[in-house]
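Quick caveat, the model's predicted, so the values are computed rather than measured. Any value given below was found using the heavy atoms of this structure, including those in side chains, with hydrogens, waters and symmetry copies removed.
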Amino acid sequence: MELSSLHRARYGYQPKLPEILREPAADVFVETGHGTRAVSDHEELCALFKHSYGKPPVRFVKGRNEKAGGVLNVGVILSGGQAPGGHNVIAGLFDGLKKGNPASKLYGFLGGPSGLIEGKYIDITAALVDQYRNTGGFDMIGSGRTKIETPEQFAASLETAQRLKLNAVVIIGGDDSNTNAALLAEYFIDKGSGVQVIGCPKTIDGDLKHQYIEASFGFDTAVKTYGELIGNIARDANSAKKYWHFIKLMGRAASHIALEAALQTHPNICFISEEIEAKGLSLSQLVEQICGAVIKRAENNENFGVILIPEGLVEFIPEVKTLISELNDIMAHYKSEFEGIRSFQAHCAWLEKKLSRPSLVLFESFPEEIAKQLLLDRDPHGNVQVSRIETEKLLMHLTEKKLISMKVSGAYNGKFAAIGHFFGYEGRSAFPSNFDADYCYSLGFSAFFLIAFGLTGYISSICNLSAPAREWVAGGIPITMLMNMEQRKGKRKPVIKKALVDLNGAPFRAFAALRDELALKTCFKYPGAIQYFGPPEICDTTTITLLLERGG
Ligand code: FBP
């Protein structure tokens, strides 16, 4: 592979670690806190996680550990969507293991959790790790979205772990993957296997968040990548003064990415799904809001603008949410009948008898492309794949329609030309920012210490993230602490509770204080590209969200 100059330079970057993780393994001790409770549904979760529920949080402190230095065999899995920094978690884990004892081994399961189930793995060697240090993507071992859920899959996972004589499995993933890590940890204890399971918080969506998990890795780099692109578009719009840009941003249900991008770039409008649900705003009210800004700006001859749309928006607009939920039920209940229908027209005719009247009217009012996207396959968790629904195009279409009708009635006389964009995959495999490179390396190193101290069912935790890396606090918390019970595919299941945007939180309040002015005036900010080398105030700062949440 021919390397770019930046690629080569990034190999030489030494990620910064918290002070405590730089100590020799024998000089690090574990301090335990008090027993913990789940987010809610304490009794039910306690019964489901008989062996692993309610354990205390731990953090690493200076102290003597006579037992340090044993040989450990560990397997690692990258799970779910790519997030910048995954390779550095593996590098941190690898370096930690080798620092503990050079004879320790790390195996990488290929293609996500299915690699563990099917026993597909590679040896992770120093030469391999060195090819991936500080790089984006998950291509070192690949990723996948297989959920370990059947008794056979659990048994096969244990068989693989025992065949490789593993002390532990590390699962690097989001809320669903770490839920799986908790279930696997409980299963391994129940079988008396002694195989530990440790999770690491990954997802660009930023919705795996808690007092002890201040950020999921990848969010920082992804939003900085989108921030650069949105800033460039905003500047182009302000130069040409002729287009409205409708930009959908990844993030699944949560609007953290859109909110952070809005704080970075000051678009004219940014919808926050959580607020739309809380206020019960309809699709036509959102379109009216857009038209209001278009008309007002046209009065100043500003026939251009930027609108940010969180990926999951459609699922938070009450009437669309009802439609999607009816479709989910119908598609699950009449699966084979639904799959047997060959054409879109035939699907529509079939749905006429199945959907409620208001949902049918709404479905039929959508452009054909959008209606088709609502019928695409659900993900393994039964959710609609919001990344594949072109909400930006839907809003462009409805805005244009409304403005045309206003022109006919003489209520509006400006120009409107819209361009749609979707930013998601562009940010998931970028070279990790210094923050993500440091944070991920620390998470991996911390996972090693959790394993060395014999813990299981824990997620690696690095706190105090708005401070310089040397002051970060390393440790872990039991995964059950993040969980509650939710209805999934018609059954109550233990799951990690998604952290959506808090409408009372500092990031949302900061945006809400600005937005009336942003809607009318042109106040764009241009963050520019991620900087990897240079002064710390340009290269090492993290997101506005994290700084505001940490009171910065
Ligand atoms: P994770 O939750 O697994 O980190 O994935 C996040 C995400 O990037 C979402 O923002 C997006 O909706 C989804 O993955 C897209 O999934 P896919 O890669 O399967 O298209």
Side-chain angles (χ1 to χ4, degrees), residues 174-176 203-209 219 223 226 246-263 267 269-290 293 307-329 355-356 358-359 361-363 365-366 370-371 373-376 378-379 381-399 420 422-424 484 486-488 495-505 507-509 511-512 515 545:
D175 51 350
D176 287 325
T203 176
I204 61 159
D205 300 349
D207 57 3
L208 178 49
K209 193 153 46 172
F219 177 73
V223 287
Y226 307 141
F246 285 59
I247 306 174
K248 184 177 83 159
L249 292 162
M250 249 190 191
R252 225 189 272 273
S255 307
H256 296 292
I257 290 182
L259 178 56
E260 169 67 23
L263 291 168
I269 293 178
C270 173
F271 292 120
I272 301 297
S273 307
E274 292 81 344
E275 182 188 27
I276 281 148
E277 181 171 58
K279 291 187 171 166
L281 297 181
S282 65
L283 193 51
S284 57
Q285 284 173 302
L286 302 189
V287 173
E288 270 162 31
Q289 192 181 327
I290 299 174
I307 300 177
L308 303 187
I309 302 152
E311 183 180 70
L313 179 73
V314 282
E315 288 197 291
F316 287 77
I317 302 170
E319 69 273 25
V320 189
K321 185 179 179 173
T322 307
L323 166 63
I324 290 175
S325 130
E326 284 183 28
L327 286 173
N328 287 351
D329 289 349
L355 284 170
S356 67
S359 291
V361 171
L362 182 65
F363 184 74
S365 74
F366 287 158
I370 304 289
Q373 288 157 10
L374 288 170
L375 301 183
L376 291 173
R378 273 35 186 170
D379 74 8
H381 304 276
N383 305 316
V384 68
Q385 297 188 55
V386 280
S387 62
R388 299 178 67 186
I389 300 177
E390 294 174 306
T391 318
E392 72 285 13
K393 292 201 180 145
L394 175 64
L395 288 173
M396 279 160 60
H397 166 85
L398 295 174
T399 303
F422 169 38
F423 297 148
N484 68 171
E486 286 175 21
Q487 206 69 14
R488 291 285 167 96
V495 289
I496 291 179
K497 189 174 163 61
K498 261 190 201 305
L500 300 181
V501 167
D502 175 6
L503 301 180
N504 294 312
F508 179 75
R509 283 191 281 112
F511 167 65
R515 63 180 161 183
T545 302

Hey, could you give me the CD1/NZ distance between I272 and K279, rounded to the nearest 0.5 Å?
11.0 Å
Apply side-chain contact (heavy atoms from CB on, under 4.5 Å) to L281 and I317, showing your working.
CA-CA 6 Å; L281 297 181; I317 302 170; over 6 Å; no
Output the distance between atom CG (L308) and atom CD (E260), rounded to the nearest 0.5 Å.
11.5 Å
Exercise answer: donor-acceptor pairs, residues 251-258 side-chain atoms, under 3.5 Å, sequence neighbours excluded:
| unit_1 | atom_1 | unit_2 | atom_2 | d |
| --- | --- | --- | --- | --- |
| S255 | OG | S273 | N | 3.0 |
| S255 | OG | S273 | OG | 3.3 |
| S255 | OG | E274 | OE1 | 2.7 |
| H256 | NE2 | A499 | O | 2.7 |

Would a 4.5 Å heavy-atom cut-off, applied to side chains only, mark L355 and L327 as touching?
yes
Give a yes or no answer on whether the side chain of R509 reaches the backbone of N504 with a donor-acceptor pair at less than 3.5 Å.
yes
Short side-chain to backbone donor-acceptor contact, K248 and S387, under 3.5 Å:
yes
To the nearest 0.5 Å, how far apart are CG in L375 and CD1 in I370?
12.0 Å
Any side-chain heavy-atom pair of R388 and Q373 under 4.5 Å
no
Any L313 side-chain heavy atom under 4.5 Å of L286 side chain
yes
Would you say that L283 contacts F366 through its side chain, given a criterion of any heavy-atom pair below 4.5 Å between the two side chains?
yes
Is any side-chain heavy atom of R378 less than 4.5 Å from a side-chain heavy atom of V384?
yes
Going through the distances and angles, do T203 and D175 end up as a side-chain contact (heavy atoms from CB on, under 4.5 Å)?
CA-CA 8 Å; T203 176; D175 51 350; over 6 Å; no
What's the spacing between Q289 CD and T399 OG1 if we round to 0.5 Å?
10.5 Å
Non-hydrogen atoms of G280 and Q285 that approach each other most closely:
O-OE1, 4.0 Å
Do N484 and V495 touch side chain to side chain, with heavy atoms closer than 4.5 Å?
yes
Any side-chain heavy-atom pair of I247 and Y226 under 4.5 Å
no
Please confirm whether the backbone N or O of P358 pairs with a side-chain atom of E319, one donor and one acceptor, at under 3.5 Å?
no
CD1/I309 to CD/E390 distance, rounded to the nearest 0.5 angstrom?
11.5 Å
Let me know which of I204, L208, T545 forms a side-chain contact (heavy atoms from CB on, under 4.5 Å) with F219.
T545
Assess whether side-chain contact (heavy atoms from CB on, under 4.5 Å) is satisfied between D502 and F508, documenting all intermediate values.
CA-CA 7 Å; D502 175 6; F508 179 75; over 6 Å; no
Heavy-atom pair of closest approach, residues S359 and E326:
OG-OE2, 3.1 Å
Run the ring pair (Phe, Tyr, Trp, His ring centres under 6.0 Å) test against F423 and tell me which residues pass, sequence neighbours left out.
H421
So do E392 and F422 actually touch side chain to side chain, heavy atoms under 4.5 Å?
yes
As an exercise, state the distance from CG of L395 to CD1 of I307, rounded to the nearest 0.5 Å.
7.5 Å
